[in-house]
Amino acid sequence: MQNLQKIIELASKKCDLDITREDKKLLNPNWLLDSIITEAEEVREEMYPNNNAHLEDELGDILWSWITLVEKLKREGLVGSHEDIFKRTIKKYEERIEPLNGTMDDYDTWKKVKVKQKEDLEREKFKML
C-alpha cells in the first residue's frame with residue numbers, strides 16, 4: 001500500500017503542475033481515458049513470454065493514467081477519494097465472488113448479484129440528489 005500511496009502523491013503533484021502550466025489537454029479527464037485505452041493496446045502488444053520488464057512497464061502506465069484520472073476527477077468534485085473507490089470496488093467484488101462455488105451456476109449467481117448492485121447504486125444516487 002505504501003507504493004500505491006507514493007504513486008498517488010506523484011499523480012497529485014503532476015496534476016498541480018498541469019494546473020500551473022494551464023495545459024488544457026492534460027487537464028481534460030477525457031484525454032486520460034483515451035490514454036488508458038492506448039496503454040491497454042500497448043499491454044496487449046507486450047504480452048508474450050520473457051518480456052516481463054516491458055509488460056510491467058506498460059501495466060504501470062495504465063495504473064499511472066488511472067490514478068491521475070482519479071486525481072483530476074477528485075478536483076472536479078466528481079468522485080471522493082482513491083480510498084472511496086478502493087472500498088467500493090472491494091464491496092462490489094466481495095458480493096460477486098463470495099457466493100460463487102466453482103460451478104456453471106456461478107454465471108447466474110454473478111448476474112443476479114450484478115442486477116441487485118445496479119439497483120443499489122440507483123437508490124444511492126437518488127439519496128444523494
Side-chain angles (χ1 to χ4, degrees):
M1 206 57 164
Q2 187 177 12
N3 289 335
L4 188 55
Q5 186 57 43
K6 181 63 178 176
I7 296 168
I8 292 170
E9 290 168 8
L10 289 168
S12 181
K13 181 176 181 177
K14 172 70 167 64
C15 289
D16 290 340
L17 294 170
D18 292 345
I19 290 168
T20 300
R21 279 193 304 272
E22 298 179 1
D23 189 327
K24 299 273 190 249
K25 177 180 86 172
L26 297 179
L27 291 172
N28 182 350
N30 288 303
W31 181 83
L32 283 162
L33 284 172
D34 292 340
S35 173
I36 292 169
I37 292 167
T38 299
E39 294 299 342
E41 287 302 321
E42 291 177 10
V43 165
R44 187 186 316 268
E45 292 170 9
E46 299 296 345
M47 288 177 43
Y48 55 88
N50 303 316
N51 196 37
N52 293 28
H54 289 282
L55 181 56
E56 290 169 0
D57 183 68
E58 295 302 340
L59 289 167
D61 290 344
I62 291 174
L63 177 62
W64 171 259
S65 294
W66 181 85
I67 287 175
T68 306
L69 173 63
V70 171
E71 281 297 313
K72 292 191 185 302
L73 295 174
K74 277 177 27 184
R75 291 162 188 242
E76 292 182 17
L78 297 174
V79 298
S81 67
H82 293 277
E83 188 63 29
D84 293 336
I85 295 168
F86 298 152
K87 287 177 184 175
R88 188 177 294 274
T89 302
I90 290 167
K91 179 183 181 301
K92 177 179 184 174
Y93 287 99
E94 278 181 344
E95 289 174 357
R96 290 185 186 185
I97 301 296
E98 294 300 328
L100 302 181
N101 56 25
T103 68
M104 295 307 285
D105 292 336
D106 287 350
Y107 296 105
D108 288 333
T109 302
W110 183 280
K111 287 178 192 174
K112 288 176 187 172
V113 171
K114 191 172 177 178
V115 167
K116 183 189 176 306
Q117 288 175 331
K118 286 186 183 283
E119 292 168 354
D120 291 346
L121 284 173
E122 283 302 307
R123 277 193 290 282
E124 181 181 341
K125 179 180 174 181
F126 285 116
K127 284 181 185 177
M128 295 176 73
L129 295 177

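Note that this is a predicted model, so its numbers are computed, not measured. Both backbone and side-chain heavy atoms feed into the values below; hydrogens, waters and symmetry mates do not.
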TODO: Indicate yes or no: at least one non-hydrogen side-chain atom of Gln117 is less than 4.5 angstrom from one of Leu121.
DONE: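 Side chain of Gln117 against side chain of Leu121, heavy atoms only: no contact under 4.5 Å found.
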
Task: Pairs involving residues 93-103, ordered by first then second residue, that meet salt bridge (Lys or Arg N to Asp or Glu O under 4.0 Å) (sequence neighbours left out) - done: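 Pairs touching residues 93-103 that pass the test: Lys91-Glu95.
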
Open item on the list: So, using side chain to side chain donor-acceptor pair (under 3.5 Å) as the criterion, who are the partners of Thr109 when residues are at least two apart?
Closed with: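 Counting only residues at least two positions away or on another chain, Thr109 forms no side chain to side chain donor-acceptor pair (under 3.5 Å).
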
Can you give me every donor-acceptor pair (side chain of residues 69-76, partner residue at least two apart or in another chain, under 3.5 Å) with its distance?
from  : atom 1 : to    : atom 2 : distance (Å)
Glu71 : OE2    : Lys74 : NZ     : 3.0
Glu71 : OE2    : His82 : NE2    : 2.9
Lys72 : NZ     : Asp18 : OD2    : 3.1
Lys72 : NZ     : Leu26 : O      : 3.0
Arg75 : NH1    : Asp16 : OD1    : 2.7
Arg75 : NH2    : Ser12 : O      : 3.0
Arg75 : NH2    : Ser12 : OG     : 3.1
Arg75 : NH2    : Asp16 : OD1    : 3.0

- [ ] Let me see the working for Lys125 and Glu122 under side chain to side chain contact (heavy atoms under 4.5 Å, CB included), right down to the final yes or no.
- [x] CA-CA 5 Å; Lys125 179 180 174 181; Glu122 283 302 307; 4.1 Å; yes

TODO: Verify the cluster assignment for Leu10 and Ile62: are they in a single hydrophobic cluster under the rule of side-chain heavy atoms below 4.5 Å apart?
DONE: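 Yes, same cluster.
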
Task: Same apolar cluster: Leu33 and Leu63, side chain cutoff 4.5 Å - done: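 Shared cluster, yes.
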
TODO: Kindly indicate whether the side chain of Glu39, heavy atoms from C-beta on, has any atom under 4.5 Å from the side chain of Trp64.
DONE: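 Answer no - side chains too far apart.
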
Task: Ser81: partners by side-chain contact (heavy atoms from CB on, under 4.5 Å), with sequence neighbours left out - done: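 With neighbours one apart ignored, the set is Glu83, Asp84.
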
Open item on the list: Through direct or indirect side-chain contacts below 4.5 angstrom among Ile, Leu, Val, Met, Phe, Trp and Tyr, which residues connect to Ile19?
Closed with: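 When side chains under 4.5 Å apart are linked, the cluster holding Ile19 also contains Leu27.
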
Task: From Leu32 atom CG to Lys25 atom NZ, the distance as rounded to the nearest 0.5 Å - done: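 That separation rounds to 10.0 Å.
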
Open item on the list: Could you check whether atom CG of Asn30 has more than 12 heavy atoms from other residues, nucleotides or ligands sitting under 6.0 Å from it?
Closed with: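 It does: Asn30 CG has more than 12 such atoms within range.
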
- [ ] Measure the spacing between NE2 of His54 and CD of Glu46 and express it to the nearest 0.5 Å.
- [x]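 CD of Glu46 is found 6.0 Å from NE2 of His54.
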
Open item on the list: If I compare all heavy atoms of Ala11 with all of Thr68, which pair ends up nearest, and what's the gap?
Closed with: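 For Ala11 versus Thr68, the nearest heavy atoms are CB-OG1, 3.7 Å.
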
Task: Hydrophobic cluster (4.5 angstrom, side-chain heavy atoms) - remaining members for Trp110 - done: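 The other cluster members (ILVMFWY side chains, heavy atoms under 4.5 Å, direct or chained) are Tyr93, Ile97, Leu100.
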
- [ ] Determine the minimum heavy-atom distance between Ile36 and Ser65, stating which atoms define it.
- [x]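 Closest approach of Ile36 to Ser65: CG1-CB, 3.5 Å.
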
Open item on the list: If hydrophobic residues (ILVMFWY) are linked whenever their side-chain heavy atoms come closer than 4.5 Å, directly or via other members, who joins Met104 in its cluster?
Closed with: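 Met104 clusters with Tyr107.
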
- [ ] Measure from the side-chain N and O atoms of Asn101 to the backbone N and O of Asp106, and report whether any donor-acceptor pair falls under 3.5 Å.
- [x]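 Such a contact is absent between Asn101 side chain and Asp106 backbone.
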
Open item on the list: Hydrophobic clustering (ILVMFWY, side-chain heavy atoms < 4.5 Å, transitive) - are Ile90 and Ile67 grouped together?
Closed with: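 Different clusters.
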
Task: Working for side chain to side chain contact (heavy atoms under 4.5 Å, CB included), residues Thr89 and Ile85 - done: CA-CA 6 Å; Thr89 302; Ile85 295 168; 4.0 Å; yes

TODO: Check salt bridge (Lys or Arg N to Asp or Glu O under 4.0 Å) between Lys116 and all other residues, then give those that pass, not counting sequence neighbours.
DONE: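 With sequence neighbours excluded, Lys116 shows a salt bridge (Lys or Arg N to Asp or Glu O under 4.0 Å) to Asp120, given in chain and number order.
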
Open item on the list: Among residues at least two apart in sequence or on other chains, which ones pass side chain to side chain donor-acceptor pair (under 3.5 Å) with Glu45?
Closed with: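 Side chain to side chain donor-acceptor pair (under 3.5 Å) list for Glu45, sorted by chain: empty.
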
- [ ] With sequence neighbours left out, write down each residue that passes side chain to side chain donor-acceptor pair (under 3.5 Å) with Glu22, or none if nothing qualifies.
- [x]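 Per chain and number, Glu22 pairs via side chain to side chain donor-acceptor pair (under 3.5 Å) with no residue.
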
TODO: State, with a plain yes or no, whether a side-chain heavy atom of Asp61 is found less than 4.5 Å away from one of Thr38.
DONE: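 Asp61 vs Thr38: side chains apart.
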
Open item on the list: According to side-chain contact (heavy atoms from CB on, under 4.5 Å), who are the partners of Gln5, at least two apart in sequence or on a separate chain?
Closed with: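 Partners of Gln5 by the side-chain contact (heavy atoms from CB on, under 4.5 Å) criterion, ordered by chain and then number, come out as Ile8, Glu9.
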
Open item on the list: If you apply the rule side chain to side chain contact (heavy atoms under 4.5 Å, CB included), what do you find for Lys24 with Asn28, and how did you get there?
Closed with: CA-CA 6 Å; Lys24 299 273 190 249; Asn28 182 350; over 6 Å; no

Open item on the list: Taking atom CZ as the centre, does Arg44 end up with more than 12 heavy-atom neighbours from other residues, nucleotides or ligands that are less than 6.0 angstrom away?
Closed with: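 12 or below, so no.
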
Task: Listed partners of Arg88 passing side chain to side chain donor-acceptor pair (under 3.5 Å), at least two apart - done: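 Testing Arg88 for side chain to side chain donor-acceptor pair (under 3.5 Å), a comparison that skips the adjacent residues, returns Glu124.
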
